[in-house]
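Worth saying up front: this structure is predicted, and the values here are computed from it rather than measured.
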Amino acid sequence: MDTPILETERMILRPLSVADANDIYERWTTDERVAKYVRWSVHSSVDVTIEWLKAEEKNISSDKAYQWGFTLKENGYLFGSGGLSFNEVEGVWELGYNLMHKLWNQGYATEAAKAMLDFGINVLGQKEFIAWHAVENPASGAVLRKCGFEYECNEIHTKFDGVTTFDTKKHRLVVR
């Protein structure tokens with residue numbers, strides 16, 4: 001199924017495209033405050049962002065990954081991204097998200113996470129999800145708790161660079 005457009009009270013969640021590269025690069029993939037808490041490292045050039053977006057465009061029709069850009073409903077301003085991907089190791093869907101720093105702590109991550117989970121539950125028919133957040137980012141843990149996730153354990157994650165590690169808290173949501 002193609003990644004659908006999702007709508008919340010304040011946002012439109014839409015598939016990302018290479019056309020978004022400059023906005024994404026300028027707004028959050030070059031921000032160390034954002035990259036500190038996720039698996040990807042700061043993008044060294046817009047070309048890195050473009051390569052990531054090319055991969056996301058190929059996944060738009062995938063049944064194993066759904067990735068959205070978060071835009072403000074009022075003006076279409078793109079300020080974050082996130083999605084659901086099937087975690088082969090865990091055998092369940094994984095939730096992830098990131099936002100540009102200036103829009104942190106305004107409820108957007110929770111609003112987007114709830115919309116993505118609603119899609120996972122009501123469209124994909126899933127009953128279990130996992131998510132991690134950096135120990136140093138308790139606000140992301142609060143987002144997960146607001147969405148019904150429960151803490152499971154601490155783990156160490158390695159960034160996509162294969163070298164840098166950071167401490168995380170793993171959470172699980174089981175829909176009853």
Side-chain angles (χ1 to χ4, degrees), residues 2-62 64-87 93-117 119-120 131-144 147 156-168:
D2 283 356
T3 301
I5 293 173
L6 306 178
E7 187 173 336
T8 72
E9 180 182 337
R10 301 180 293 166
M11 297 185 295
I12 301 291
L13 283 64
R14 61 161 177 81
L16 292 166
S17 75
V18 170
D20 297 317
N22 286 327
D23 289 339
I24 292 170
Y25 181 73
E26 291 171 9
R27 295 176 188 166
W28 73 87
T29 61
T30 55
D31 191 333
E32 295 205 20
R33 295 170 296 186
V34 178
K36 177 180 181 178
Y37 300 123
V38 294
R39 287 187 224 159
W40 50 267
S41 299
V42 169
H43 288 191
S44 57
S45 72
V46 73
D47 293 333
V48 175
T49 306
I50 289 169
E51 289 306 309
W52 166 60
L53 290 168
K54 284 179 181 177
E56 292 304 333
E57 282 183 338
K58 288 179 185 173
N59 281 334
I60 286 176
S61 296
S62 170
K64 298 280 187 182
Y66 298 90
Q67 182 79 13
W68 291 274
F70 305 158
T71 64
L72 295 176
K73 190 183 281 187
E74 65 190 41
N75 58 15
Y77 185 81
L78 178 64
F79 66 93
S81 64
L84 294 172
S85 58
F86 191 74
N87 185 309
W93 287 84
E94 179 179 340
L95 172 72
Y97 47 84
N98 59 141
L99 285 76
M100 64 186 297
H101 186 262
K102 81 174 191 177
L103 292 179
W104 285 6
N105 299 310
Q106 297 179 39
Y108 290 114
T110 301
E111 192 172 325
K114 286 181 176 181
M116 294 183 292
L117 289 166
F119 169 78
W132 286 265
H133 74 85
V135 169
E136 293 182 16
N137 186 9
S140 192
V143 168
L144 296 176
C147 292
I156 296 173
H157 268 197
T158 302
K159 287 189 174 257
F160 295 142
D161 67 9
V163 177
T164 309
T165 61
F166 61 107
D167 294 327
T168 64

Hey, what do you get for OH (Tyr108) to CG (Leu99), rounding to the nearest 0.5 Å?
9.5 Å
Would you tabulate the side-chain donor-acceptor contacts of residues 4-12 under 3.5 Å, counting partners in other chains and residues two or more places apart, or write 'none'?
| residue | atom | partner | partner atom | Å |
| --- | --- | --- | --- | --- |
| Glu7 | OE2 | Lys73 | NZ | 2.9 |
| Thr8 | OG1 | Arg10 | N | 3.4 |
| Thr8 | OG1 | Met11 | N | 2.9 |
| Thr8 | OG1 | Met11 | O | 3.4 |
| Thr8 | OG1 | Glu111 | OE2 | 2.5 |
| Arg10 | NE | Glu111 | OE1 | 2.7 |
| Arg10 | NH1 | Gln106 | O | 3.2 |
| Arg10 | NH2 | Gln106 | O | 3.0 |
| Arg10 | NH2 | Gly107 | O | 3.4 |
| Arg10 | NH2 | Glu111 | OE1 | 2.9 |

Salt bridge (Lys or Arg N to Asp or Glu O under 4.0 Å) against Asp47, all qualifying residues, sequence neighbours excluded
none
Quick test of your reading: applying ring pair (Phe, Tyr, Trp, His ring centres under 6.0 Å), list the pairs with at least one residue in residues 41-62, sequence neighbours left out, ordered by first then second residue.
Trp40-His43
Sidechain-backbone polar pair: Arg27 side chain, Leu78 backbone, donor-acceptor under 3.5 Å
yes
Taking the six-membered ring for Trp, are Trp104 and Tyr37 parallel (under 30°), tilted (30 to 60°) or perpendicular (over 60°)?
tilted
For Trp132 and Thr168, which heavy atoms make the closest approach, and how far apart are they?
CD1-OG1, 3.4 Å
Trp28: which residues meet the side chain to side chain donor-acceptor pair (under 3.5 Å) condition with it, sequence neighbours left out?
Asn98
Can you tell me how far CD of Gln67 sits from CG of Leu53, rounded to the nearest 0.5 angstrom?
9.0 Å
Got a sec, which residues hit side chain to side chain contact (heavy atoms under 4.5 Å, CB included) with Asp167, two or more places apart in sequence or on another chain?
Val135, Ile156
For a side chain to side chain donor-acceptor pair (under 3.5 Å) with Thr49, tell me which candidate from Asp23, Thr29, Asp20 qualifies.
Thr29
Is the shortest distance from a Lys or Arg side-chain nitrogen in Arg33 or Asp31 to a carboxylate oxygen in the other one below 4.0 Å?
yes
Between atom CG of Asp2 and atom OH of Tyr66, what is the distance when rounded to the nearest 0.5 Å?
8.5 Å
Does the pair Glu51/Lys54 count as a salt bridge with the N-to-O cut at 4.0 Å?
yes
Look up atom CG in Asn59 and atom OG in Ser85, then write down how far apart they are to the nearest 0.5 Å.
9.5 Å
Shortest non-hydrogen separation from Thr71 to Phe79 and the atoms involved
C-CE2, 3.8 Å
Working to the nearest 0.5 angstrom, can you tell me the gap between Glu57 CD and Thr3 OG1?
11.5 Å
Indicate the atoms forming the closest heavy-atom contact of Asp161 with Ser41, along with that distance.
OD2-OG, 3.8 Å
Output the distance between atom CG (Leu16) and atom CD1 (Ile24), rounded to the nearest 0.5 Å.
5.0 Å
Counting only N and O atoms by type, is there a donor-acceptor contact under 3.5 Å from the side chain of Lys159 to the main-chain atoms of Val38?
yes
Name the atoms and distances for all side-chain donor-acceptor pairs under 3.5 Å in residues 136-144, with sequence neighbours left out.
| residue | atom | partner | partner atom | Å |
| --- | --- | --- | --- | --- |
| Glu136 | OE1 | Lys36 | NZ | 3.3 |
| Ser140 | OG | Tyr97 | OH | 2.7 |

Is there a side-chain contact between Leu13 and Met116 (heavy atoms, below 4.5 Å)?
yes
